[in-house]
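Sequential numbering from 1 along the given sequence is applied to the chain's residues. Predicted, not measured: the structure shown is a model, and the values here were computed from it.
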Amino acid sequence: MYIGVDCGTQSTKVVVVDTEAGRLLGEASRPHRLEEGDNGRREQHPADWIAAFRGAFQAAVAEARIDARDIRAIGVSGQQHGMVALDEAGEPLYPAKLWCDTETSGQNDALIERLGGDAGCLDKLGLVLQTGYTASKVAWLRETRPEIYQRIATLLLPHDYLNYWLTGERVAEAGDASGTGYFDTHRRCWRRDVFAEIAPELDAERVLPRLIASDEPAGVVRSALARELGLAEGVLVASGGGDNMLGAIGTGNIAPGLVTLSLGTSGTVCAYSEEPVPVGDAMVANFCASSGGWLPLICTMNVTSATNRVRELFGLDLVGFNDQLDRAPIGAGGVTTLPFFNGERVPPLPQASASFLGLTSVNTTPANLCRAVVESATFGMRYGLERLSKLASGASQIRLIGGGARSSVWRQIVADVTGTPVVCPQITDAAALGAALQAAWCDRRRTMRLASLCERLVHLDPMAAAEPRPANVEAYHQAYGRYREALQRHHGIP
């Protein structure tokens, strides 16, 4: 038995899997509170993640009807880029600034300039710094909270922090570390010279966690915590990784030829590569995979976070929202949305706000506005696919995950907008499943390949498949053209 954990923006999810039977035995989640403020501030308290883990773990084990002492290993997936700054006692000094926090855009611009612009970033890091990355958060803390910054003893990412809480070990792995902004994604090592540009007073050797391989254990669950959770002594904790990397594992995207597309709070598009990808586009994040290899990725910030705002505006539940989507025509009656409620990463518009364009007295209906925000979030995914170029264009299938993937209407929209067949895994919490698979791989790395584990657990759902319809593909080509024109007209994005 193996446990997979996904600590996301909205909740922490826990799954229990039996790798011998190839089955999910139990799952549960507990919500988090997101604190939002002016200037794009978005933060969470790490203590909330731990409370959510405890509740979800107990509920998932109870649903699985197993003895927790039979669990062999735990894997943790976490929202990428978050800054968790700890003091000498291992206690958080400040709430975790999240991936979707855009308060640090000024610091990010300054860091890019100091590193030599896009070309300098690509040379040193293999990618170009983005506002969401950890680097600008550290620079922001240094400038705005110097008394806290001076007390930093350790800098961790969210999944690293949960691993630390579980084991007492300060470690990191290449996949999640790729999104810090001070990690060389080609050579898979910390760039201490870049870190010195960000935080010159901090000793990288002391502050940054030890790097381990993706199939290497972070440690074992602390004895006192094992007793509390009902676990046996010596339960392994895998290296874990970022939610995008472990979501790729949870969809079987560990070899070339597939695309994983996530319709979550944010949207991500990624495709596996066996080699680092030469990047000429600053919007492509040339991250490492948590299965070996690389995982070039595009991330947009407004997917279900945007659709939920419109849904809640009209007081709709999910069934009612999907009903409104189904009522509206392709193109939402001429309504085009730029859904940048939280700013945007791709295209790079961290200070942008949302716009509804083309509204008239005839087309301003709940159905059209609901459809427009879903279509525009999907257009953002197509924009990202185009940035990935050959890796995405050669894909035979899109594996769709995230909350939005549960909507049959949205699945068809993705197939029609991208012109590519779409299918969902049977286990939709792909990051949590990927974490469990990585835990099993870590526990059995001398006897079992990760690919074999994926074959056992990653099953596709034929009832959640969608084929592109030629007439719809053509209609969406026109609607996507309007979206691109709006980007050009309002934000200067070609």
Side-chain angles (χ1 to χ4, degrees), residues 4-9 12 44 46 49 74-86 96-101 125-127 129-130 132-138 154-167 169-191 195 207-219 237-250 253-254 260 262 264 266 268 270 272 285-297 299 430-432 434-439 441-442:
V5 182
D6 178 35
C7 177
T9 315
T12 289
Q44 282 178 334
W49 304 336
I74 298 172
V76 179
S77 157
Q79 50 184 304
Q80 287 193 260
H81 313 310
M83 178 188 68
V84 185
L86 304 182
K97 290 187 85 64
L98 303 185
W99 63 272
C100 50
D101 183 291
L125 304 169
L127 46 74
L129 292 177
Q130 303 290 336
Y133 293 3
T134 320
S136 61
K137 297 173 172 62
V138 178
T154 304
L155 283 169
L156 299 176
L157 295 165
H159 113 264
D160 297 332
Y161 175 73
L162 284 176
N163 277 356
Y164 171 71
W165 174 73
L166 285 165
T167 68
E169 299 290 337
R170 302 183 310 149
V171 297
E173 61 82 48
D176 210 6
S178 298
T180 58
Y182 39 86
F183 181 85
D184 186 332
T185 61
H186 285 176
R187 298 173 183 84
R188 295 176 181 259
C189 62
W190 297 123
R191 281 298 299 240
F195 188 77
V207 168
L208 298 182
R210 174 173 57 91
L211 289 167
I212 60 175
S214 298
D215 64 346
E216 188 177 346
V237 177
S239 69
D243 51 0
N244 293 306
M245 292 76 193
L246 295 186
I249 293 174
N253 189 354
I254 60 172
T260 297
S262 175
S266 63
T268 56
C270 61
Y272 180 87
N286 191 32
F287 291 160
C288 299
S290 291
S291 55
W294 280 261
L295 197 72
L297 180 144
C299 178
L437 289 170
Q438 194 208 47
W441 182 39
C442 175

Validation: residues 287-296 side-chain donor-acceptor distances under 3.5 Å, sequence neighbours left out:
residue	atom	partner	partner atom	Å
Ser290	OG	Glu173	OE1	3.0
Ser290	OG	Glu173	OE2	3.3
Trp294	NE1	Thr185	O	2.8

Please enumerate all residues that pass salt bridge (charged side-chain N to carboxylate O under 4.0 Å, His left out) together with Asp160, with sequence neighbours excluded.
none
Quick check: does any side chain N or O of Lys97 sit under 3.5 Å from a backbone N or O of Thr134, one acting as donor and the other as acceptor?
no
Report the distance from atom CD of Gln130 to atom SG of Cys299, rounding to the nearest 0.5 Å.
9.5 Å
Note: Ala172 and Pro209 closest approach over all heavy atoms is CB-CG, 3.7 Å
At their closest point, which heavy atom of Leu246 faces which heavy atom of Ala431, and how far apart are they?
CB-O, 3.8 Å
Residue pair Leu127 / Ser178: nearest heavy atoms and the distance that separates them:
CD2-O, 3.6 Å
Do Ile249 and Trp441 have side chains that approach each other closer than 4.5 Å (heavy atoms only, starting at C-beta)?
no
Kindly compute the distance separating CH2 (Trp99) from NZ (Lys137), expressed to the nearest 0.5 Å.
10.0 Å
Give, for atom CD of Gln79 and atom OG of Ser266, the distance between the pair rounded to the nearest 0.5 Å.
9.5 Å
Which pair of heavy atoms, one from Tyr133 and one from Thr180, lies closest together, and at what distance?
CB-O, 3.9 Å
What heavy-atom pair brings Leu129 and Ala135 nearest, and what distance separates the two atoms?
CD2-CB, 4.3 Å
How many angstroms lie between CG in Asn244 and NE2 in His81, if you round to the nearest 0.5 Å?
7.0 Å
Among residues at least two apart in sequence or on other chains, which ones pass salt bridge (charged side-chain N to carboxylate O under 4.0 Å, His left out) with Asp6?
Lys13
Euclidean distance, Ser262 OG relative to Leu297 CG, rounded to 0.5 Å:
9.5 Å
Checking Gln438 side chain against Gly240 main chain: does a donor-acceptor pair fall under 3.5 Å?
yes
Which residues share a salt bridge (charged side-chain N to carboxylate O under 4.0 Å, His left out) with Arg191, sequence neighbours left out
Asp184, Asp193
Please name all residues satisfying ring-ring contact (aromatic ring centres under 6.0 Å, His included) with Tyr272, sequence neighbours left out, ordered by chain then number.
none
Report yes if the side chains of Val84 and Tyr164 come closer than 4.5 Å at any heavy-atom pair, otherwise no.
no
Closest approach of Thr260 and Gly247, non-hydrogen atoms and distance?
CG2-O, 4.5 Å
Who are the ring-ring contact (aromatic ring centres under 6.0 Å, His included) partners of Phe195, not counting sequence neighbours?
Tyr182
Answer yes or no: is there a donor N or O on one side and an acceptor on the other, between the side chain of Asn163 and the main chain of Glu169, under 3.5 Å?
no
To the nearest 0.5 Å, atom CE of Met83 lies from atom CG of Leu155 at 7.5 Å
